[in-house]
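These numbers come from the heavy atoms of this one structure, side chains and all, not from hydrogens, waters or symmetry mates. This one's a predicted model, so the numbers in the text were calculated from it and none came from an experiment. Numbers here are sequence positions counted from 1.
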Amino acid sequence: MKNPLCWVVLTGISIAFIQQGLPVRSQGESQSDNKQMDNITIRQGETLFLSCSQGDFVTHTAWLNRSSILYAGEDKWSVDPRVSLVTLNQDEFTIKIEDVDLTDEGQYICAVQTSRRPRTTSVHIIVQVPPKIVNLSKDLVVNEGSNVTLMCLANGKPEPAIVWRIISPSDDSLSSDNEVLEIPFISRYRAGVYECTAANDIAVDTQTVELTVNFPPSISDGRDVGVTLGQRGVLLCEADAVPEADFEWYRDDRRIFNGFDGIEIEDDGPLSKLTFFNVSEADYGNYSCVAINKLGSANTSIVLYGPGAVQDGSSGTSTVFTPTCLLLIVLLHLLLKF
């Protein structure tokens, strides 16, 4: 059964318990017995202990949260299962609140009624909340040249500070201390993993966004290859592109397919190989490699030449001197001496 406490009157920071047959003091009388404790700071999820001293001749006690009674003596008035009584005797009145949340923040009052007069002890509870990122941009796929906006919103108390940076590849020049990171006219070199960090005095929360930048193929210059008849020859074609490029090979204007005249085409990511297992005279000549994705294409020329050709390296062209040409060059050289 509840004790015969009828109601609680709150006037400013003073509290008077009015009980049947108990004289009521004036507000001026009670001011000297009102005690304000230092603020208590606690982290969300921890357990809070609230304690006040009792003293002699205590007749009634209560712990209040703002205008709600948590405990009146041993009687629990709060319906919150997290609240419980720890100690109640002539020296101490302690309750605890488990798994503290932000809603528990505010002023708490311990009211004690002695045989002579009431007194109150009040304390303000500050609940700190670790940061939590609650709204983050999804992984993005954009075309080169687009304007990109990445957003990161976080909750916490104190309010968390937000920092954006690119972590893969590492680039200290691309960072922001705002919730929004703007990247105008993005290039392929800005693709990678971006990290948002939300931090306050309590903890740090980190999440990442992967940014993919599509761009058309750029192809490396073809390197001409010299192969002896009957030997194995390999032409290489390498292209940088996102999405990865598809490759096509041509001899003059005729497309070459895998298995065509004993030729094998093997694509492995950014690299394509055209393999001749047994080079013949007919295989010598100019070949074209074309790299294609949805944004464009690029091509290069590669020459497969034999031991009788003089090659200029990577130009994709060759000059072949026949024995007749060599004889004419020797005769011309002799005539110039006379």
Side-chain angles (χ1 to χ4, degrees), residues 138-146 148 166-171 186-194 208-322:
K138 304 296 184 183
D139 292 345
L140 290 177
V141 179
V142 299
N143 292 339
E144 192 171 39
S146 301
V148 175
I166 183 170
I167 60 174
S168 178
S170 179
D171 185 353
I186 192 166
S187 73
R188 65 193 69 182
Y189 307 108
R190 295 299 194 187
V193 178
Y194 287 76
T208 59
V209 175
E210 185 169 1
L211 180 57
T212 302
V213 179
N214 291 333
F215 57 91
S218 57
I219 202 165
S220 304
D221 290 337
R223 188 171 186 84
D224 300 340
V225 177
V227 182
T228 304
L229 288 172
Q231 299 300 308
R232 183 174 180 268
V234 178
L235 305 184
L236 298 177
C237 180
E238 187 172 7
D240 187 20
V242 176
E244 284 188 345
D246 295 321
F247 292 92
E248 295 178 358
W249 286 92
Y250 292 86
R251 171 73 183 271
D252 300 324
D253 294 330
R254 183 179 58 171
R255 183 174 177 183
I256 303 171
F257 294 94
N258 194 29
F260 178 80
D261 288 344
I263 298 173
E264 180 183 81
I265 299 174
E266 183 181 2
D267 297 338
D268 184 13
L271 184 66
S272 182
K273 296 192 297 184
L274 182 68
T275 303
F276 302 85
F277 292 98
N278 185 8
V279 173
S280 66
E281 187 74 35
D283 292 328
Y284 293 139
N286 185 64
Y287 293 82
S288 295
C289 172
V290 181
I292 306 168
N293 71 6
K294 64 182 182 179
L295 298 179
S297 64
N299 66 82
T300 189
S301 295
I302 306 173
V303 174
L304 179 68
Y305 62 93
V310 178
Q311 197 66 20
D312 65 357
S314 60
S315 64
T317 61
S318 65
T319 304
V320 179
F321 294 96
T322 64

Donor-acceptor contact present, side-chain N299 to main-chain V290, <3.5 Å: no

Between D283 and S280, a side-chain donor and acceptor under 3.5 Å: yes

Between R251 and Y287: side-chain donor-acceptor atoms closer than 3.5 Å: yes

Closest approach of A291 to I219 (non-hydrogen atoms, all atoms of both residues): CB-CD1, 4.1 Å

Side chains of L274 and C237 in contact at under 4.5 Å (non-hydrogen atoms): no

Any donor-acceptor pair under 3.5 Å from E144 side chain to R188 backbone: yes

Worked verdict on L140 versus T212 for side chain to side chain contact (heavy atoms under 4.5 Å, CB included): CA-CA 6 Å; L140 290 177; T212 302; over 6 Å; no

Minimum-distance pair of heavy atoms, taken over all atoms of I292 and S297: CG1-CB, 3.9 Å

pair V148-L211: side-chain heavy atoms closer than 4.5 Å: yes

Check: D252 main-chain N/O paired with N286 side-chain donor or acceptor under 3.5 Å: no

Euclidean distance, L271 CG relative to K273 NZ, rounded to 0.5 Å: 7.0 Å

Closest heavy-atom pair and its distance - G230, N278: CA-OD1, 2.9 Å

Distance in Å, Y194 OH paired with I167 CD1, rounded so as to fall on 0.5 Å steps: 11.0 Å

Donor-acceptor pair, side chain of N293 and main chain of G296, under 3.5 angstrom: yes

R232: partners by side chain to side chain donor-acceptor pair (under 3.5 Å), with sequence neighbours left out: none

Side-chain touch V141/V213, heavy atoms, less than 4.5 angstrom: no

Closest contact, heavy atoms only, W249 versus L236: CH2-C, 4.3 Å

Residue that, paired with L235, satisfies side-chain contact (heavy atoms from CB on, under 4.5 Å) out of I265, T275, I263, I302: I302

Between OG1 on residue T300 and CD on residue E238, distance to nearest 0.5 Å: 11.5 Å

Beyond-backbone contact of N143 with L295, side-chain heavy atoms, under 4.5 angstrom: yes

Contact summary for A241 and P216, nearest pair of heavy atoms: CB-C, 4.3 Å

Non-hydrogen atoms of S272 and F247 that approach each other most closely: CB-CG, 3.4 Å

Side-chain touch I256/Y250, heavy atoms, less than 4.5 angstrom: no

Whether over 12 other heavy atoms sit under 6.0 Å from Y189 OH: no

